[in-house]
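Side chains are part of it too, since the values below use all heavy atoms of this structure and drop only hydrogens, waters and symmetry mates. As the structure is a computational prediction, the values presented were derived from the model and not from experiment. Counting starts at 1 for both ligands and their atoms, following the listed order.
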Amino acid sequence: MSKKRIFSGIQPSGNLTIGNYLGALKRFPELQDEYECIYCVVDLHTLTVRQDPVALRERSYALLALYMACGLDPEKTTLFLQSHVSGHAELAWILNCYTYMGELSRMTQFKDKSQKHADNINAGLFTYPVLMAADILLYQTDVVPIGQDQKQHLEIARDIAIRFNKLYGDTFVVPEAYIAKQGAKIMSLQEPDKKMSKSDTNVNNFVLLIEERDAIIKKFKRAVTDSGSEVRFDPDEKPGISNLLSIYAATRGITIDEAQAEFAGSRYGDFKIAVGTAVADMLAPIQARYKEILADKSYLDRVLHANAERASAIAEVTYRDVRRKVGFIV
Ligand code: AQP
C-alpha cells in the first residue's frame, strides 16, 4: 500500500519562534518515515505583508536550513520553495472562483492582520486561505500538521475541495488536520492572551529558534506571570504560568500534568529558569546543525532545484486534471 501524503508549509516572514517549532516543525521529522512528506517554504504568502526583498531571500534560505537542522532529510522529504512551483498561484486563481467572500470574511487571521496592518489591507491578505488551499490540494494531501491557529484555514481548504469534487467528480483528496496534543498554541511571553508570532514587533514576546542560550533564559526570566505563587495549569486564571507549563511540557515531550507535578511547590522564579533552560537545551543541537547547513548556500541551491522538480511533477498531475475538468484545452 502506498504511503499517505503529508504537506505543510511555514512562511519565511521572520525568524521562526518556538511557537512555530512546538506547534508544527517539531513533528515534521517524526513523520517522514511513515508518510510521504512534502514541506514547503511558503514565500508567496509572505507578500500579504510588506517584505524587504533582500531579507526575504535570506530568510527563505534560513528556513530551508532550519527544516534540515530540525531533522528533515531532503533525500527522503520534498523540501522546496512555493514560488518555484507555478502551480500554487495558478491553482489558487481557479479556486478563488470557487470560494465565497462570506467564507473569507469570517477568517480570524484576516481580521487580526487587518488590524495589525491597517495601512495595507490588500486583496492577498483576504484570499490567503485560498492560496493555502491550493498549496495543500495540489499535492493530494492526506494530512496537514498545523498549529491550532491554522485550523480555520484548513477547514476552508476542505470545504473548497468538497465543493469542487461535487461539481466535477473526485479531483482532490480532502485533507485532515493533524494538531499536536502539546504545544498547539504557544502564547506570547509578555502578553499571554495573544499567540506567539514571529512577526511580533516586541522581541520579548517570542523566543527564536536561533537565539543565544543566555538571551533565551533571560526572556523566560522576564516572562509575565500571574498573581499568586502556585505553578498550576489554569489558562483562565493563570494564562502566563499555564503558557510556560505548555512550553515546558511540549519541550520535554511530557504531559501538562507531569510538568505541573514536577514544579509543585516551586517558586515562579525557579520555574521560569527551568523552562528557559529546557528550551535552550532543546535548541542547542538544532542551532549547531543550522549554522553548518546555512554556511553552504550552493548546497541549499542544489536542494531547492532538485526538490522543485520533484514537487512540480506531482503538482502538474493535479493541475492538469483541474484544467481539463473546468474546460481548458490541455
Ligand atoms: N504560537 C504558535 N503556537 C503553535 N503553533 C504555531 N504556529 C504559528 N504560531 C504558533 C504554527 O506554525 C506553522 C507555521 O506558521 P506560518 O509561518 O505559516 O504562519 P503563522 O501561523 O501566521 O505563524 P506566525 O509565527 O504567527 O507568523 P506571522 O507572524 O508571519 O503571522 C503553522 O502550522 C502554525 O499553525
Side-chain angles (χ1 to χ4, degrees), residues 6-28 31 37-52 55-56 59-60 62-64 66-67 70 72 81-82 88 107-117 120 124-125 128-129 131-133 135-136 141 143-157 175-203 205-210 223 235 239 242-251 279:
I6 279 189
F7 176 94
S8 198
I10 299 185
Q11 296 186 64
S13 49
N15 285 309
L16 294 206
T17 71
I18 55 167
N20 301 124
Y21 183 70
L22 297 173
L25 186 51
K26 185 168 187 270
R27 278 159 308 135
F28 291 1
L31 303 165
C37 296
I38 303 177
Y39 293 120
C40 188
V41 174
V42 288
D43 52 354
L44 297 180
H45 283 283
T46 65
L47 296 187
T48 52
V49 173
R50 289 282 172 266
Q51 302 292 332
D52 170 52
L56 178 58
R59 286 200 305 262
S60 297
L63 180 47
L64 178 70
L66 258 185
Y67 271 152
C70 290
L72 290 179
L81 278 192
Q82 187 186 26
H88 291 252
M107 297 295 110
T108 53
Q109 181 174 290
F110 173 68
K111 291 181 199 161
D112 291 349
K113 291 214 166 160
S114 305
Q115 266 181 2
K116 233 163 132 183
H117 306 281
N120 180 23
L125 197 60
Y128 180 112
L131 179 57
M132 179 164 157
D135 299 337
I136 296 166
T141 304
V143 182
V144 188
I146 41 170
Q148 189 70 36
D149 64 312
Q150 291 294 336
K151 191 164 171 261
Q152 206 185 22
H153 288 167
L154 203 264
E155 272 159 17
I156 215 174
E176 302 286 339
Y178 172 54
I179 297 177
K181 287 196 185 72
Q182 312 287 356
K185 192 163 188 192
I186 302 298
M187 310 307 277
S188 148
L189 293 186
Q190 297 297 321
E191 297 162 78
D193 54 332
K194 182 172 123 180
K195 175 182 97 118
M196 185 181 285
S197 265
K198 58 175 123 58
S199 60
D200 202 312
T201 45
N202 179 356
V203 296
N205 276 339
F206 53 68
V207 171
L208 301 178
L209 296 193
I210 55 169
S242 302
N243 185 37
L244 295 176
L245 275 169
S246 298
I247 293 173
Y248 187 78
T251 299
V279 168

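Contact atoms of ligand 1 toward Q11: 16 (P), 17 (O), 18 (O), 19 (O), 22 (O) (distance under 4.0 Å to a heavy atom of the residue). Counting atoms of ligand 1 from 1 in the listed order, those under 4.0 Å from a heavy atom of A184 are 3 (N), 4 (C), 5 (N). With ligand atoms numbered from 1 in the order given, ligand 1 contributes 5 (N), 33 (O), 34 (C), 35 (O) to contacts under 4.0 Å with heavy atoms of G147. Atoms of ligand 1 lying under 4.0 Å from any heavy atom of G23, numbered from 1 in the order shown and given with element: 4 (C), 5 (N). In summary, the atoms of ligand 1 found under 4.0 Å from a heavy atom of A24, numbered by their order in the structure, are 12 (O), 13 (C), 33 (O).
Closest approach of H88 to L131, counting heavy atoms only: O-CD1, 3.7 Å.
By the 4.0 Å heavy-atom criterion, K113 is counted among the residues contacting ligand 1. The closest approach between a heavy atom of I10 and any atom of ligand 1 is below 4.0 Å.
The distance criterion of under 3.5 Å between nitrogen or oxygen atoms is met by Q150 with respect to ligand 1. Any N or O atom pair closer than 3.5 Å counts here, and Y128 shares no such pair with ligand 1.
Looking at E191 and N205, their side chains do bring a donor and an acceptor atom within 3.5 Å of each other.
The neighbour count for K151 NZ, taken as heavy atoms of other residues, nucleotides or ligands under 6.0 Å away, does not exceed 12.
Between K116 and V49, the closest side-chain pair of non-hydrogen atoms is not below 4.5 Å.
Both the backbone and the side chain of S199 come within 4.0 Å of ligand 1, judged by heavy-atom distances. The proximity of S13 to ligand 1, defined as any non-hydrogen pair under 4.0 Å, is limited to the side chain. Looking at K185 against ligand 1, only its backbone comes within 4.0 Å, counting heavy atoms.
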D200 and K194: CA distance, side-chain angles, deciding distance, side-chain contact (heavy atoms from CB on, under 4.5 Å) verdict
CA-CA 10 Å; D200 202 312; K194 182 172 123 180; 3.4 Å; yes

